[in-house]
Number of protein chains: 2
Amino acid sequence: MKLSKKSEYGLRALLELTLAYEASSFVQRHDIAARQHIPIEFLEQILLALKRAGLLSSRRGMNGGYRLIKPPSLITLGQVIRILDGPLAPIGCVSRTAYQKCDDCPYAGQPSCPVQQAMGTVRDAIAGILDNYSLADFAAGARKP
Amino acid sequence: MKLSKKSEYGLRALLELTLAYEASSFVQRHDIAARQHIPIEFLEQILLALKRAGLLSSRRGMNGGYRLIKPPSLITLGQVIRILDGPLAPIGCVSRTAYQKCDDCPYAGQPSCPVQQAMGTVRDAIAGILDNYSLADFAAGARKP
DNA sequence: ATGTTTGTTGACAAACTCACTTAACTATTA
DNA sequence: TAATAGTTAAGTGAGTTTGTCAACAAACAT
């Protein structure tokens, strides 16, 4: 039930991009890395994955950097974590976005599988929170009053 | 956000012990292993951990095996998963049972840390479900009507 | 007592994942 | 063209997961 460093860094990086969104300015990887204490080369991989997934755009050369493509209110933590960490579901057989049937479970496929019932509830709770938690909400907690 | 095989096996093994609880009979590891398709030597480690944590008792020799120490209604999935997988919280800084402060987060310690806010909500949801989900509830889904 | 059944313990290891690092490459702009 | 900045593939060391193996200890039936 753990969030990887990759996702944590990803969220923190997107926080920086969210704060810069209104100015619609590009933020460079080394600025993000410095402000959020993220190893820069690892950060690149993360930003690249988010770019490939269609959340970011980038510009090369001087004054280049990364920028959000969509408003922060339209990007959810659920999307981000699925991109960087895979499905939210604790177990494959209850995932909606990446279902995989159990191979060894004696109740496999049956709707009466107790593991599926319990973990399905957990999945719904997690997805219910993270899919309704936008980057805008996320950043709101970060601004100093 | 994933449940390990260890925890999954553990829950499935406890399912067998729950079904045998009323008869207060001992169930042998190879019966559990066979019925639930769990590698027997791995299962041992799991049962041993659950025993050390005070959920099970065991008896050696003929007609030996494992048995629940407490009624299934008093054991929660949350307890089991914490024993086998560690804290439920997605990140150390929001764990109630195993708190650990972030080292690299620029908001570390501050109540306004956005990661902490979001993941705290998730933790509460997961714990709210799993700490109120007993083995009895769990097994109820398994009995054929 | 003896042998069989069963659980106990600890060491080990293959496979995989995580968290990065290295290094070469490509594109953009001043 | 020189400097800046992002792109990509590959590699790496540490740690975790998922087991396996072998020797051992206790309980029981006979």
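In what follows, chains carry the letters A, B, and so on, assigned in the order in which the sequence lines appear, proteins first and then strands, with residues in each chain numbered from 1.
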Checklist entry - Between A:P39 and A:N63, which has a closest nucleotide on DNA chain C that is more 5'? => result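 This one resolves to A:P39.
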
Checklist entry - If each of B:D104 and A:R59 is mapped to the nucleotide of DNA chain C with the nearest heavy atom, which maps nearer the 5' terminus, i.e. the 5' end? => result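 So the residue in question is B:D104.
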
Starting at [atom1] of [X] and ending at [atom2] of [N], how long is that distance when rounded to a whole Å?
X: A:L50; N: D:dT7; atom1: CG; atom2: C1'; answer: 15 Å
X: A:Q28; N: D:dA3; atom1: CD; atom2: P; answer: 17 Å
X: A:E8; N: C:dC20; atom1: CD; atom2: P; answer: 10 Å
X: B:K5; N: D:dT20; atom1: NZ; atom2: P; answer: 13 Å
X: A:E41; N: C:dC20; atom1: CD; atom2: C1'; answer: 8 Å
X: B:F42; N: C:dC12; atom1: CZ; atom2: C1'; answer: 15 Å
X: A:L17; N: D:dG6; atom1: CG; atom2: P; answer: 11 Å
X: A:I46; N: C:dC18; atom1: CD1; atom2: P; answer: 12 Å

Checklist entry - Hey, are the side chains of A:L15 and A:F138 touching, using non-hydrogen atoms and a 4.5 Å cut-off? => result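 Heavy-atom side-chain distance check passes, below 4.5 Å.
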
Taking only side-chain nitrogens and oxygens of [X], does any of them come within less than 4.0 Å of OP1 or OP2 of [N]?
X: A:K6; N: C:dC20; result: no
X: A:Y9; N: C:dA19; result: no
X: B:S58; N: C:dT8; result: yes
X: B:Y66; N: C:dT8; result: yes
X: A:R52; N: D:dT8; result: yes

Item to check | Nearest-nucleotide pick for B:M62, side chain only, options being C:dC20, D:dC28, C:dT21 | outcome: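 The listed nucleotide nearest to B:M62's side chain is D:dC28.
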
Checklist entry - From D:dG19, C:dT8, D:dT18, pick the nucleotide closest to the side chain of B:L48? => result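 So the nucleotide nearest the side chain must be C:dT8.
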
Looking for any heavy atom pair under 4.0 Å, which part of the strands does [X] touch: base, sugar-phosphate only, or nothing?
X: A:Q45; result: base
X: A:F26; result: nothing
X: A:K2; result: nothing

Checklist entry - Has A:K2 got more than 12 heavy atoms of other residues, nucleotides or ligands less than 6.0 Å from its NZ? => result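 Counting other residues, nucleotides and ligands, NZ of A:K2 stays at 12 neighbours or fewer.
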
Item to check | From CA spacing to verdict: side chain to side chain contact (heavy atoms under 4.5 Å, CB included), A:L130, B:M1 | outcome: CA-CA 12 Å; A:L130 294 179; B:M1 316 299 258; 4.3 Å; yes

Next on the checklist: Assess the residue pair A:D131 and A:R96 against the criterion (salt bridge (Lys or Arg N to Asp or Glu O under 4.0 Å)); give the C-alpha distance rounded to whole Å, side-chain angles, the decisive distance to 0.1 Å, and a yes or no.
Outcome noted: CA-CA 13 Å; A:D131 284 336; A:R96 296 224 197 292; over 6 Å; no

Checklist entry - salt bridge (Lys or Arg N to Asp or Glu O under 4.0 Å) between B:E8 and B:R12: does it pass, once the steps are laid out? => result CA-CA 6 Å; B:E8 190 201 321; B:R12 301 226 309 262; 2.4 Å; yes

Checklist entry - How bent is the helix from C:dA1-D:dT30 to C:dA30-D:dT1, comparing axes over its five end pairs at each side, to the nearest 10°? => result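 What I find for the helix from C:dA1-D:dT30 to C:dA30-D:dT1 is an axis angle of 10°.
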
Next on the checklist: Is it the case that C:dT26 (base atoms only) and A:R60 (side chain only) share a donor and an acceptor within less than 3.5 Å, ignoring hydrogens and angles?
Outcome noted: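 Present.
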
Next on the checklist: Measuring from atom CE of B:M62 to atom CD of B:Q28, what distance do you get when rounded to the nearest 0.5 angstrom?
Outcome noted: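 If we round to the nearest 0.5 Å, B:M62:CE and B:Q28:CD are 9.0 Å apart.
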
Next on the checklist: Distance alone, cut at 3.5 Å: any donor-acceptor contact between the side chains of B:D137 and B:S134?
Outcome noted: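 Yes, B:S134 and B:D137 have a side-chain donor paired with an acceptor closer than 3.5 Å.
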
Next on the checklist: Pair B:T121, B:V94 - check side chain to side chain contact (heavy atoms under 4.5 Å, CB included), show working.
Outcome noted: CA-CA 9 Å; B:T121 312; B:V94 299; over 6 Å; no

